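Below: one structure, written as structure tokens.
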Amino acid sequence: MKTPKRYLITAALPYANGLKHIGHLAGAYLPADIYVRYLKAQKREVVFVCGSDEHGTAIPIQATKEGTTAQAIIDKYHPIIEQNFKDLGIAFDIYHRTSDPLHHETASEFFKDLESNGDLETKTTQQYFDTQANSFLADRYIKGTCPSCGYSEAYGDQCEKCGKSLSPEELINPLSTLSGNAPIKKETTHWYLPLNRHEDFLRKWLLEEHTSDWRPAVIGQCKSWIDGGLQARAVTRDLDWGVKVPVTGGDGKVLYVWFDAPIGYISATKQWAINNNKDWNPYWNDPETKLVHFIGKDNIVFHCIIFPVMLKLHGNILPENVPANEFMNLEGDKMSTSRGWSIEMDDYINKWIKKENGGESLADCLRFYLNSISPESKDSEFTWKGFQDAVNGELVSIFANYVNRTWVLMHKLCKGKVPKIHTEFLDDDDNALLLSVKETKEKITALLEQYKFRDAQFEVVNLARLGNQYMQKKEPWILAKNIETNPTAQAKIDNCIHGCLQLTANLAILINPFLPFTAKKMCHLMKVVDKMLEWENAGNFNLLKMGYSLRPPELLFRKIEDEEIAAELAELKANAEAKKTKMENTTNAAEGAAAKNENGITPLKPEIVFDDFGKIDLRVGTIIEAKKVEKADKLLALIVDLGFEKRTILSGIAMHFNPEDIIGKQVTIVANLAPRKMRGIESQGMILMAEDAQGKLYFVSPSEAIASGSTIA
RNA sequence: GGCGAGGUAGCUCAGUUGGUUAGAGCACAGGAUUCAUAACCCUGAGGUCACGAGUUCAAAUCUCGUUCUCGCUACCA
């Protein structure tokens, strides 16, 4: 494969509404950083961009909740996240932010370009609107009861208790978070990106050109989307936090966060170019640039379908690969900050990466374990015991111990200097060791180029293992015992230690992308400059000059103690328990009425006049047939007798009633509601249901049986 | 309900186009050793490859069905 002229590597923009956990780190940032460090060691031209995603609706909502401003929130989290990455050795060339004017300008230009080329279309739809606040409500501005778990504080896009993704329409008793009132529906016009126009392009690009070199899960997900029928997606929203829609009719609207965020990669590149006096253009426009997006699997659609379409329309290059990782679970459960079941990067840093605790080496310990269980092909699981085992059993015992025993022996038997080679005593073992180093380097290189970071790291440790075996076979400490009687002993010792030292130098180069702090410390031990870490040096056994004196031994890592692990586990459980109690209180408080505002009562809808009510034609009907709608979990298809006619009515009650149990029931029907097709069947009316605090449904029926078709007023 | 990805030793994972007794690391057991952070080195034990059927001389691998996990997605007028 031809080496690209330059690389542009991106890692998903973290959302600046809170701290990020180690699942995020393992998903995108760590693999990206390893790849970038490798490329840089190869002296390739590469720019690594990232930044805070600071728009979207969640941030202003959080601001309201915390009694502060959106700006204050992002100004709080942006620097913390940036510093967290630094502390963990994630070395972006630039960590930008989407609230920056340069980004606003870039995103605006992007939108205008697409708009003026006719690549967008507009549509008018009904959206929830808060009359009191005089504002349209984005999904996250609507709260209500989650239809699947009953949590009363679920948002219009997702329930934070059960994690189910929702749409505002699904919420039971939707309420505006601005005023606490029930929202109404109102017309609004938005710009859409018609993905459907680009199906042929996507099919060819993804399903023909990249089926074999992209990860199966990524291609599978894309295929699923394309086959499911591509829809136009709204690119604007009614909101005042974000990049203003820069064309006529855009007042009060901003670019939808998913449209503006990936453009953040471009504006970050521009800012990097300004800072470094470079030209950003080739990075996004020259086909000889290799663009790679590192993301988690939740981001696949945006980076493989939507953003590429945007890039194509805008005339930019397309990603060469999108090596999305699966998810990392924690101690048997999904990671979730809101549920308290996670390890925040910030917490880990404050607890573990303290000077008295081991400092930077503890950052590398985390990197080591996370990468060793990197969810490259399926979800994986972080356990504190696993962390301890990986660090103590492999990193310390195999890798660091190899370096340490080499250093100790070198000081004891070779006066602390790199010993001479005595070629007449070199044997097959010495040759085999050098050969192994060369082979391992090739293996690791190939694995890194294929984004197999877990396997690549394993190979480095394995090389240290070979070093231990080599030393074990040579037994220089035995030779040292008869140094007086055996004239060749010192020469053999010299050869062994020389080999071990050269191997250490190679290990430093090869471990560098994974454990940069450790590589640096090894350079310090060897008294060499960072330049030695360049990839081309790996595979050579002349990296340390004979006669050169090296520093005294120094441990690279400390062991992780059982008590530390026990403490972490206890804290994790306590944390989750606290959050759980908090949430249950919220849910319990809602019992007695479905969803309440601060006064504890479901708020009344806005007043209507009699004429409004008069428009509704309510009738008594009798269910004469009921069966489940195929391929729908919640729908029942009912035939209802209205006396003068029989109607098919669909109702979302399949989870609450067995079809055979409700035949013969008398119910209240909205008889003049416009018909609506669901799952291919037309529903000719609506059945009224009462709901109690537990979410249980009841039919609204006349107290005694009366004639079907009777009117209700 | 549809689609996608997965289910291989106690744990974390490999298994290329179907081909001898299914591999690695950790953990475990035994041995050897002492230069080293009770570290290293050697040896060993361990699996009906989720389950069932089919194709084949031959299946972890291909086909069909079932089941479990994760993700995306549809349905509550």
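Computed over heavy atoms, backbone and side chain alike; hydrogens, waters and symmetry mates excluded. Bear in mind the structure is a predicted one, so any value in this text is a computation, not a measurement. Just so we're on the same page: letters track the sequence lines, and every chain starts at 1.
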Name the nucleic acid region contacted by [X], choosing base, sugar-phosphate or nothing; use a 4.0 angstrom heavy-atom cut-off, strictly under.
X         : result
Glu394(A) : sugar-phosphate
Ile219(A) : nothing
Phe458(A) : sugar-phosphate
Trp225(A) : sugar-phosphate
Ser380(A) : sugar-phosphate
Gly685(A) : sugar-phosphate
Lys474(A) : nothing
Ala480(A) : nothing

May I ask you to say whether [X] pairs ionically with [Y], meaning some side-chain N is under 4.0 Å from a carboxylate O?
X         : Y         : value
Lys443(A) : Asp455(A) : no
Lys297(A) : Glu326(A) : yes
Asp427(A) : Lys474(A) : yes
Asp562(A) : Lys385(A) : no

Query raised in the report: How would nucleotides 38-46 of chain B be written as a contact map, 5' to 3', with B for base contact, S for sugar-phosphate-only contact and - for no contact, using protein heavy atoms under 4.0 Å?
Result: -SBSS----
Taking only side-chain nitrogens and oxygens of [X], does any of them come within less than 4.0 Å of OP1 or OP2 of [N]?
X         : N      : answer
Lys334(A) : U69(B) : no
Ser377(A) : A14(B) : yes
Lys378(A) : G7(B)  : yes

Report task. Please list residues of residues 293-308 of chain A whose heavy atoms come under 4.0 Å from any atom in RNA chain B, ordered by number; otherwise none. Result ->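 Of all residues in residues 293-308 of chain A, the ones placing a heavy atom under 4.0 Å from RNA chain B are Lys297(A).
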Would you mind reading off the distance between [X] atom [atom1] and [N] atom [atom2], rounded to a whole angstrom?
X         : N      : atom1 : atom2 : result
Asn325(A) : G71(B) : CG    : P     : 16 Å
Tyr369(A) : C13(B) : OH    : C1'   : 12 Å
Arg454(A) : U12(B) : CZ    : P     : 12 Å
Asn392(A) : A36(B) : CG    : C1'   : 15 Å
Phe387(A) : C11(B) : CZ    : C1'   : 17 Å

Query raised in the report: Which residue lies toward the 5' end of RNA chain B, Ile373(A) or Met686(A), if each is placed at its nearest nucleotide?
Result: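 With Ile373(A) and Met686(A) compared, the 5'-side residue is Ile373(A).
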Requested in this report: Assign each of Leu556(A) and Asn329(A) to its nearest nucleotide of RNA chain B by heavy atoms, then name whichever residue's nucleotide is nearer the 5' end.
Outcome: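 Result of the comparison: Leu556(A).
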Requested in this report: For RNA chain B, list all stems, counting runs of three or more consecutive pairs where every pair is Watson-Crick or G-U wobble with both distances under 3.5 Å.
Outcome: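 Stems for RNA chain B, defined as runs of 3 or more consecutive pairs: B:1-7 with B:67-73, B:10-13 with B:23-26, B:28-31 with B:41-44, B:50-54 with B:62-66.
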I want to check something: taking the side chain as every heavy atom from C-beta on, are [X] and [Y] in contact at a cut-off of under 4.5 Å?
X         : Y         : value
Tyr369(A) : Leu395(A) : no
Leu525(A) : Leu550(A) : no
Arg454(A) : Leu447(A) : no
Leu556(A) : Phe399(A) : yes

Query - Minimum-distance pair of heavy atoms, taken over all atoms of Phe514(A) and Asp364(A) - result: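 Between these two residues, the closest heavy atoms are O-OD1, 4.4 Å.
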